[in-house]
Amino acid sequence: MTFKERLDSIFVSENEIPTEYKFDNLLHQTKYLSNGEMRTWAGAMHTVLSPVCVQSPDGIVPKVIGSYPLCTENEALESLNAAVNAYNNGRGEWPTMSIANRILCMEKFTGKMIEKKKEIVSLIMWEIGKSVADSTKEFDRTVEYMNATLDALKDLDRASSRFTIEQGIIGQVRRAPFGVVLCMGPFNYPLNETFTTLIPAVLMGNTILFKPPKHGTLLFAPLLDAFKDCFPKGVINTIYGRGNTIIPSLMKSGKIDVLTLIGSSRVADSLKKMHPKSNRLRAVLGLDAKNAAIVLADADIDLSVKECVLGSLSFNGQRCTALKILFVHKSIADQFIKKFNEEVSKLKYGMPWESGVALTPLPEPNKPEYLKTCIEDALVNGAKIMNENGGTVSHSFVYPAVLYPVNEKMKVYREEQFGPIVPIVPFDDVNTPINYLIDSDHGQQVSIFGNGSKEMADLIDPLVNQVCRVNVNCQCQRGPDTFPFTGRKDSAEGTLSVTSALRAFSIRTMVATKVTEANKTLVNKIVEDNQSKFLSTKYIL
Ligand code: G3H
């Protein structure tokens, strides 16, 4: 059997799918949530094809798992108006609700979401081909993030439940919402990364327009009723359809106060420019990245290989934090590549429900073709595929290709491949990778591997001013979620983490007055009689 035939054979027929993971009832989602109602869409639909293909009489074909609405800008604008009305210039029920009550709504939502775990995990797996273990991890990590956010918000509220007196002025400072947030998440962490923006945004009192990612849409269907039941009408509205059809009119309306997008810098750039009031628009963005690893001559090769394999190939390299280029010192490059290939050959490939599977089919239909052009371009410009079977494609599955020696003429040198290609660049002088990062449009993270304290310190100091996280002897990653997650240049705007996200979606606002007897009496009266939700010393216990 050729390797290509072996890859073809990872796709099984419908009746060979284990009962536990079967997807027999197609999910045709015709409803969307707008202004507190589940509205039925009777127009055009998008057919959802899973990256998981099946053997059929017509050969190996993508499995159809359902469909979702392709609404028009009319429905998007209706949802926008619902969010604008629910915010009501900051006078709506939600933006004026006490933090304690908003927390109760979110706790209720989290409970309902947990009830849907099995369904959502299965949809993540089928929609984007993520292994069942990683899909489960994504769900659990999201629930943990939500609970941690609730705790952080309680702390924030407690810290704000007091007055400060300075220079004869008495003031109370709290964080208040911005208004309407347009929220769009990515396909690779469709639940987690969407909720790391949506949840803090809504908790801070904003109202939401939420467009699920193109791949990774159906998994939100089980949550729509929970959104409807747990929050006042118009606070969370979903919009479905092609981004380029429905999003421009939302931005051009000037009614979006915050754009939060985990996606490409090109899209973020063009959307921001559509907004007529650039100073009104806030942006919280997680964008492109091309994180590099720098492996010095004295690095522990086994450790570096292990971390670089994880860093470059977890979820087939489809992480914004993935290592997308490796700079390896010439003196150890041969040894490094030999061990790297050995480790890659041990990675189990197959269907996402298989236990221990590491490499799975890719959800973007054009990705295999794109990766093929990257590999061909690298070969034309002098690289070789170093690992056995590297770059072999079967339908939606691409076996990892380790490319070496990579140089600046190749697409993979600068482009974010977001897939299973590992470009390796040899270097003599450590200024080569440093200059690569200086010249890069990206600035998220870097991993450095080595043992000499002086050499490592000499790398850390210039690199902390190029990226936002220098990982020492380990791969790049977002977590722990309490750490700041951000980037420079085209990689991000704003900072996310459990506490930072609450700040990103709110603004400090205060009530202040001169300390006079009359003002003291007035403020005391408001507080004692619970007349204001803002001016209050109530403490969440
Ligand atoms: O795609 C970007 C994710 O935020 C990466 O998260 O580093 O935990 O995989 P991770």
Side-chain angles (χ1 to χ4, degrees), residues 124-125 127-131 133-146 148-149 183-200 212-216 219 260-265 267-268 284-293 306-325 347 352 358-360 362-364 367 416-421 442-447 467-488 490-498 500-501 504:
I124 299 178
M125 183 189 89
E127 277 194 279
I128 61 162
K130 191 174 270 193
S131 72
D134 284 348
S135 300
T136 308
K137 213 190 280 171
E138 176 167 348
F139 184 94
D140 293 341
R141 177 178 177 184
T142 307
V143 172
E144 277 165 34
Y145 191 97
M146 290 164 77
T149 303
C183 173
M184 291 181 280
F187 80 80
N188 62 334
Y189 280 86
L191 179 71
N192 183 262
E193 291 230 300
T194 304
F195 274 20
T196 57
T197 55
L198 188 150
I199 300 297
K214 183 170 172 197
H215 311 291
L219 64 99
T260 182
L261 162 77
I262 313 289
S264 84
S265 61
V267 170
V284 182
L285 309 170
L287 306 171
D288 327 326
K290 179 94 177 169
N291 292 344
K306 182 174 147 270
E307 291 289 324
C308 288
V309 169
L310 264 182
S312 54
L313 292 173
S314 305
F315 190 36
N316 314 297
Q318 302 169 116
R319 292 161 61 225
C320 60
T321 48
L323 289 173
K324 295 184 181 114
I325 190 158
L347 296 175
L359 302 166
T360 53
L362 310 177
E364 294 171 289
K367 207 38 156 323
E416 181 184 14
Q417 67 272 32
F418 217 80
I421 292 183
H442 306 108
Q444 192 198 63
Q445 300 188 17
V446 67
S447 288
V467 298
C468 286
R469 176 161 163 168
V470 176
N471 299 279
V472 175
N473 288 325
C474 60
Q475 64 149 329
C476 297
Q477 62 181 43
R478 175 178 179 148
D481 286 326
T482 45
F483 281 17
F485 180 54
T486 184
R488 298 166 185 269
D490 268 342
S491 283
E493 186 170 335
T495 301
L496 294 172
S497 80
V498 168
S500 309

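Read the numbers this way: they start at 1 and go in the same order the structure lists the ligands and their atoms. Reckoned from all heavy atoms, side chains included, excluding hydrogens, waters and symmetry mates. Starting from 1, each residue takes its place in the sequence as its number.
Listed for the Ser447 side chain is a donor-acceptor partner under 3.5 Å among the backbone atoms of Cys474. Remark: side-chain polar atoms of Asn471 are paired, donor with acceptor, to backbone N or O of Val446 under 3.5 angstrom.
With sequence neighbours left out, Lys214 forms a side chain to side chain donor-acceptor pair (under 3.5 Å) with no residue at all. With sequence neighbours excluded, no residue forms a side chain to side chain donor-acceptor pair (under 3.5 Å) with Asp134. Checked against side chain to side chain donor-acceptor pair (under 3.5 Å), Asn473 has no partners two or more places apart in sequence or in another chain.
Around ligand 1 you find Arg141, Asn188, Tyr189, Glu193, Arg319, Cys320, Thr321, Gln477, Arg478, each with a heavy-atom distance below 4.0 Å.
In this structure, Lys130 forms a cation-pi arrangement with Tyr189, its terminal cationic atom sitting closer than 6.0 Å to the ring centre and no more than 45° off the ring axis.
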